[in-house]
Number of protein chains: 2
Amino acid sequence: MNAYDKLKFNSDGLIPAIIQDNQDGRVLMMAWMNRASIETTVATGKTHFWSRSRQKFWMKGESSGHVQIVKEISFDCDGDTLLIKVDQTGAACHEGYRSCFFRSFDKGGAAERVTEPQLIPPDQIYGKK
Amino acid sequence: MNAYDKLKFNSDGLIPAIIQDNQDGRVLMMAWMNRASIETTVATGKTHFWSRSRQKFWMKGESSGHVQIVKEISFDCDGDTLLIKVDQTGAACHEGYRSCFFRSFDKGGAAERVTEPQLIPPDQIYGKK
(Lines give C-alpha, C1' and ligand atoms only; values in the text may rest on other atoms or scores of the structure.)
Protein backbone atom coordinates (compact mmCIF):
# COMPACT_ATOMS: atom_id res chain seq x y z
CA MET A 1 0.00 0.00 0.00
CA ASN A 2 1.13 3.53 -0.75
CA ALA A 3 2.62 5.00 2.45
CA TYR A 4 1.04 8.39 1.76
CA ASP A 5 -2.41 6.80 2.04
CA LYS A 6 -1.66 5.94 5.69
CA LEU A 7 -1.05 9.56 6.66
CA LYS A 8 -3.65 11.71 8.39
CA PHE A 9 -3.33 15.45 8.06
CA ASN A 10 -5.02 17.82 10.52
CA SER A 11 -7.75 20.31 9.61
CA ASP A 12 -5.08 22.68 8.27
CA GLY A 13 -3.66 19.94 6.03
CA LEU A 14 -0.58 19.55 8.22
CA ILE A 15 1.24 16.73 10.01
CA PRO A 16 3.98 17.15 12.64
CA ALA A 17 7.45 15.85 11.74
CA ILE A 18 9.96 14.93 14.44
CA ILE A 19 13.51 15.38 13.14
CA GLN A 20 16.13 13.07 14.64
CA ASP A 21 19.90 12.93 14.08
CA ASN A 22 20.66 9.72 12.19
CA GLN A 23 24.08 9.37 13.81
CA ASP A 24 23.36 9.46 17.55
CA GLY A 25 19.58 9.71 17.87
CA ARG A 26 19.45 13.24 19.30
CA VAL A 27 16.02 14.74 18.64
CA LEU A 28 16.79 17.99 16.83
CA MET A 29 13.46 19.72 16.22
CA MET A 30 9.79 19.34 15.43
CA ALA A 31 8.13 21.15 12.53
CA TRP A 32 5.06 20.82 10.34
CA MET A 33 4.68 19.44 6.84
CA ASN A 34 1.88 19.42 4.31
CA ARG A 35 1.52 16.90 1.50
CA ALA A 36 3.58 19.04 -0.89
CA SER A 37 6.45 19.46 1.57
CA ILE A 38 6.60 15.70 2.16
CA GLU A 39 6.69 15.07 -1.59
CA THR A 40 9.45 17.67 -2.06
CA THR A 41 11.36 16.20 0.88
CA VAL A 42 11.19 12.76 -0.75
CA ALA A 43 12.08 14.10 -4.21
CA THR A 44 15.06 16.24 -3.11
CA GLY A 45 16.31 14.24 -0.11
CA LYS A 46 16.32 17.45 1.96
CA THR A 47 13.70 18.41 4.54
CA HIS A 48 11.03 20.92 3.54
CA PHE A 49 8.35 22.23 5.89
CA TRP A 50 5.33 24.47 6.11
CA SER A 51 5.71 27.44 8.42
CA ARG A 52 2.48 28.06 10.31
CA SER A 53 3.61 31.48 11.54
CA ARG A 54 4.84 32.69 8.16
CA GLN A 55 2.33 30.66 6.10
CA LYS A 56 5.21 29.74 3.87
CA PHE A 57 6.88 26.68 2.36
CA TRP A 58 10.54 26.51 3.37
CA MET A 59 13.58 24.29 3.04
CA LYS A 60 15.53 23.76 6.25
CA GLY A 61 18.84 25.54 5.77
CA GLU A 62 17.72 27.72 2.85
CA SER A 63 19.11 30.84 4.57
CA SER A 64 21.45 29.32 7.20
CA GLY A 65 23.02 26.57 5.08
CA HIS A 66 22.15 24.16 7.88
CA VAL A 67 20.43 21.62 5.65
CA GLN A 68 19.16 18.19 6.64
CA ILE A 69 19.86 15.19 4.41
CA VAL A 70 17.07 12.66 4.78
CA LYS A 71 18.02 9.08 5.65
CA GLU A 72 14.65 7.59 6.62
CA ILE A 73 11.00 8.64 6.90
CA SER A 74 8.79 6.75 9.36
CA PHE A 75 5.20 7.29 10.47
CA ASP A 76 3.37 6.24 13.58
CA CYS A 77 0.57 3.73 14.19
CA ASP A 78 -2.11 6.41 13.90
CA GLY A 79 -0.51 7.89 10.78
CA ASP A 80 -0.64 11.37 12.27
CA THR A 81 3.05 11.96 13.08
CA LEU A 82 6.24 11.59 11.02
CA LEU A 83 9.70 10.68 12.31
CA ILE A 84 12.50 11.68 9.94
CA LYS A 85 16.12 10.68 10.48
CA VAL A 86 18.62 13.09 8.98
CA ASP A 87 22.26 13.98 8.68
CA GLN A 88 22.31 17.54 10.06
CA THR A 89 24.74 20.17 8.84
CA GLY A 90 25.55 22.66 11.62
CA ALA A 91 22.97 23.74 14.16
CA ALA A 92 19.35 22.64 13.77
CA CYS A 93 18.11 25.42 16.06
CA HIS A 94 17.76 29.02 14.88
CA GLU A 95 19.17 30.03 18.26
CA GLY A 96 22.46 28.35 17.34
CA TYR A 97 22.13 25.17 19.36
CA ARG A 98 22.52 21.74 17.82
CA SER A 99 19.03 20.77 19.02
CA CYS A 100 16.00 23.00 19.58
CA PHE A 101 15.49 21.03 22.82
CA PHE A 102 18.45 22.62 24.60
CA ARG A 103 16.52 23.47 27.77
CA SER A 104 15.13 21.07 30.36
CA PHE A 105 12.84 21.29 33.36
CA ASP A 106 14.73 21.73 36.61
CA LYS A 107 13.32 21.58 40.14
CA GLY A 108 10.04 20.09 38.91
CA GLY A 109 9.55 22.88 36.40
CA ALA A 110 10.19 25.68 38.91
CA ALA A 111 13.36 26.42 36.94
CA GLU A 112 15.04 25.53 33.67
CA ARG A 113 18.57 24.53 32.75
CA VAL A 114 20.47 24.65 29.48
CA THR A 115 21.77 21.19 28.63
CA GLU A 116 24.09 21.77 25.68
CA PRO A 117 26.49 24.47 24.45
CA GLN A 118 25.53 27.05 21.86
CA LEU A 119 27.42 26.12 18.67
CA ILE A 120 27.17 29.48 16.94
CA PRO A 121 25.63 32.88 17.81
CA PRO A 122 22.38 33.47 15.86
CA ASP A 123 23.72 36.66 14.24
CA GLN A 124 26.45 34.58 12.63
CA ILE A 125 23.88 32.16 11.19
CA TYR A 126 21.63 34.68 9.50
CA GLY A 127 23.83 37.78 9.40
CA LYS A 128 23.47 40.84 11.64
CA LYS A 129 20.24 42.78 11.25
CA MET B 1 12.37 31.57 35.38
CA ASN B 2 9.64 28.99 35.83
CA ALA B 3 9.88 26.50 32.94
CA TYR B 4 6.09 26.33 32.64
CA ASP B 5 6.04 30.02 31.71
CA LYS B 6 8.06 29.22 28.58
CA LEU B 7 5.47 26.78 27.24
CA LYS B 8 2.95 27.70 24.57
CA PHE B 9 -0.22 25.66 24.36
CA ASN B 10 -2.34 25.57 21.21
CA SER B 11 -5.91 26.88 20.96
CA ASP B 12 -7.14 23.64 22.56
CA GLY B 13 -4.76 24.11 25.51
CA LEU B 14 -2.51 21.30 24.29
CA ILE B 15 1.19 20.82 23.52
CA PRO B 16 2.72 17.83 21.68
CA ALA B 17 5.11 15.62 23.67
CA ILE B 18 7.71 13.48 21.90
CA ILE B 19 8.52 10.41 24.00
CA GLN B 20 12.06 9.04 23.64
CA ASP B 21 13.68 5.97 25.18
CA ASN B 22 16.26 7.16 27.70
CA GLN B 23 18.47 4.12 27.12
CA ASP B 24 19.09 4.11 23.37
CA GLY B 25 17.30 7.19 22.02
CA ARG B 26 14.59 5.37 20.06
CA VAL B 27 11.63 7.69 19.54
CA LEU B 28 8.68 5.74 20.94
CA MET B 29 5.59 7.87 20.37
CA MET B 30 4.10 11.33 20.22
CA ALA B 31 1.06 12.34 22.24
CA TRP B 32 -0.58 15.49 23.57
CA MET B 33 -0.49 17.04 27.02
CA ASN B 34 -2.36 19.86 28.69
CA ARG B 35 -1.08 21.83 31.67
CA ALA B 36 -2.67 19.41 34.14
CA SER B 37 -1.12 16.35 32.50
CA ILE B 38 2.35 17.95 32.58
CA GLU B 39 1.93 18.76 36.28
CA THR B 40 0.76 15.21 37.03
CA THR B 41 3.64 13.80 34.96
CA VAL B 42 6.10 15.88 37.02
CA ALA B 43 4.43 15.01 40.33
CA THR B 44 4.17 11.26 39.74
CA GLY B 45 7.22 10.67 37.51
CA LYS B 46 5.01 8.76 35.06
CA THR B 47 3.72 10.14 31.75
CA HIS B 48 0.13 11.39 31.60
CA PHE B 49 -1.53 12.68 28.44
CA TRP B 50 -4.73 14.17 27.09
CA SER B 51 -6.51 12.02 24.52
CA ARG B 52 -7.95 14.21 21.78
CA SER B 53 -10.07 11.38 20.35
CA ARG B 54 -11.47 10.28 23.70
CA GLN B 55 -11.36 13.76 25.33
CA LYS B 56 -9.90 12.08 28.36
CA PHE B 57 -6.95 12.36 30.72
CA TRP B 58 -4.94 9.13 30.76
CA MET B 59 -1.79 7.64 32.23
CA LYS B 60 0.37 5.71 29.77
CA GLY B 61 0.16 2.06 30.83
CA GLU B 62 -2.98 2.44 32.95
CA SER B 63 -4.60 -0.53 31.19
CA SER B 64 -1.59 -2.23 29.56
CA GLY B 65 0.91 -1.91 32.42
CA HIS B 66 3.35 -0.43 29.91
CA VAL B 67 4.19 2.63 31.98
CA GLN B 68 6.85 5.22 31.22
CA ILE B 69 9.14 6.42 34.02
CA VAL B 70 10.20 10.00 33.33
CA LYS B 71 13.93 10.76 33.32
CA GLU B 72 14.01 14.24 31.74
CA ILE B 73 11.58 16.82 30.34
CA SER B 74 12.90 19.25 27.73
CA PHE B 75 11.17 21.90 25.63
CA ASP B 76 12.09 23.49 22.34
CA CYS B 77 13.18 27.01 21.43
CA ASP B 78 9.63 28.07 20.57
CA GLY B 79 8.23 26.47 23.73
CA ASP B 80 5.59 24.66 21.73
CA THR B 81 6.89 21.07 21.84
CA LEU B 82 8.05 18.84 24.70
CA LEU B 83 10.69 16.08 24.53
CA ILE B 84 10.43 13.58 27.37
CA LYS B 85 13.00 10.86 27.97
CA VAL B 86 11.62 7.78 29.68
CA ASP B 87 12.37 4.27 30.79
CA GLN B 88 9.70 2.29 28.93
CA THR B 89 8.15 -0.89 30.30
CA GLY B 90 7.11 -3.24 27.49
CA ALA B 91 5.73 -1.94 24.21
CA ALA B 92 5.01 1.78 23.79
CA CYS B 93 2.68 1.14 20.86
CA HIS B 94 -0.89 -0.12 21.32
CA GLU B 95 -0.26 -2.37 18.31
CA GLY B 96 2.38 -4.25 20.32
CA TYR B 97 5.52 -2.74 18.82
CA ARG B 98 8.23 -1.17 20.93
CA SER B 99 7.86 2.12 19.02
CA CYS B 100 4.78 3.56 17.32
CA PHE B 101 7.10 4.44 14.42
CA PHE B 102 7.49 0.83 13.26
CA ARG B 103 6.76 1.59 9.59
CA SER B 104 8.91 3.53 7.15
CA PHE B 105 8.52 4.92 3.67
CA ASP B 106 9.82 2.56 0.99
CA LYS B 107 10.27 3.29 -2.71
CA GLY B 108 9.79 7.02 -2.18
CA GLY B 109 6.51 6.51 -0.37
CA ALA B 110 5.04 4.19 -3.02
CA ALA B 111 5.27 1.42 -0.42
CA GLU B 112 5.91 0.92 3.27
CA ARG B 113 8.07 -1.48 5.22
CA VAL B 114 7.92 -2.65 8.83
CA THR B 115 11.24 -1.96 10.54
CA GLU B 116 10.96 -3.77 13.87
CA PRO B 117 9.38 -6.94 15.25
CA GLN B 118 6.04 -6.95 17.04
CA LEU B 119 6.81 -7.64 20.72
CA ILE B 120 3.36 -8.77 21.75
CA PRO B 121 -0.02 -9.23 19.99
CA PRO B 122 -2.44 -6.42 20.90
CA ASP B 123 -5.04 -8.83 22.28
CA GLN B 124 -2.48 -9.94 24.88
CA ILE B 125 -1.90 -6.32 25.94
CA TYR B 126 -5.50 -5.35 26.55
CA GLY B 127 -7.25 -8.71 26.67
CA LYS B 128 -9.47 -10.19 23.96
CA LYS B 129 -12.61 -8.22 23.22
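Below, read A as the first sequence line, B as the second, and so on, with proteins coming before strands; counting in each chain starts at 1. Just so we're clear, the structure is a prediction, and the values are computed from it rather than from any experiment.
- Each of F102(A) and V27(A) belongs to its own hydrophobic cluster when Ile, Leu, Val, Met, Phe, Trp and Tyr are linked at side-chain heavy-atom distances under 4.5 angstrom.
- Taken together through direct or relayed side-chain contacts under 4.5 Å among Ile, Leu, Val, Met, Phe, Trp and Tyr, L28(B) and F49(B) form part of one hydrophobic cluster.
- Per-residue heavy-atom pair counts under 4.5 Å with chain A were compared for A111(B), G25(B), S99(B), and the maximum is reached by A111(B).
- The part of V42(A) that comes within reach of chain B is its side chain, from C-beta onward, which places non-hydrogen atoms under 4.5 angstrom from that chain.
- In the hydrophobic cluster analysis, where Ile, Leu, Val, Met, Phe, Trp and Tyr join through side-chain heavy atoms closer than 4.5 angstrom, I19(B) is grouped together with V70(B).
- Note on W50(A) and F9(A): separate hydrophobic clusters, where clusters join Ile, Leu, Val, Met, Phe, Trp and Tyr whose side-chain heavy atoms are under 4.5 Å apart, directly or indirectly.
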Hey, mind stepping through M29(B) and D76(A) against side-chain contact (heavy atoms from CB on, under 4.5 Å) and telling me if it holds? CA-CA 7 Å; M29(B) 56 182 277; D76(A) 71 351; over 6 Å; no

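- With a 4.5 angstrom heavy-atom cutoff, K6(A) touches chain B only via side-chain atoms.
- The structure places CD1 of I73(A) at 11.5 Å from CG of D106(B), a figure rounded to the nearest 0.5 Å.
- Between the side chain of E72(B) and the backbone N or O of F105(A), no donor-acceptor pair lies under 3.5 Å.
- Side-chain contact check for T81(A) versus F101(B): some heavy-atom pair is nearer than 4.5 Å.
- Residues D78(B) and E95(A) are not in side-chain contact: their nearest non-hydrogen atoms beyond the backbone lie 4.5 Å or more apart.
- Once rounded to the nearest 0.5 Å, the distance linking SG of C77(B) with OH of Y97(A) reads 10.5 Å.
- Contact of the L83(B) side chain with the R26(A) side chain is registered, since non-hydrogen atoms from C-beta on lie closer than 4.5 Å.
- Residues M33(B) and W58(B) fall within the same hydrophobic cluster, defined by Ile, Leu, Val, Met, Phe, Trp and Tyr side chains chained together at heavy-atom separations under 4.5 Å.
- Residue D80(A) touches chain B through its side chain alone, counting heavy-atom pairs closer than 4.5 Å.
- Panel note: side chain E112(B), backbone S74(A); no donor-acceptor pair is recorded below 3.5 Å.
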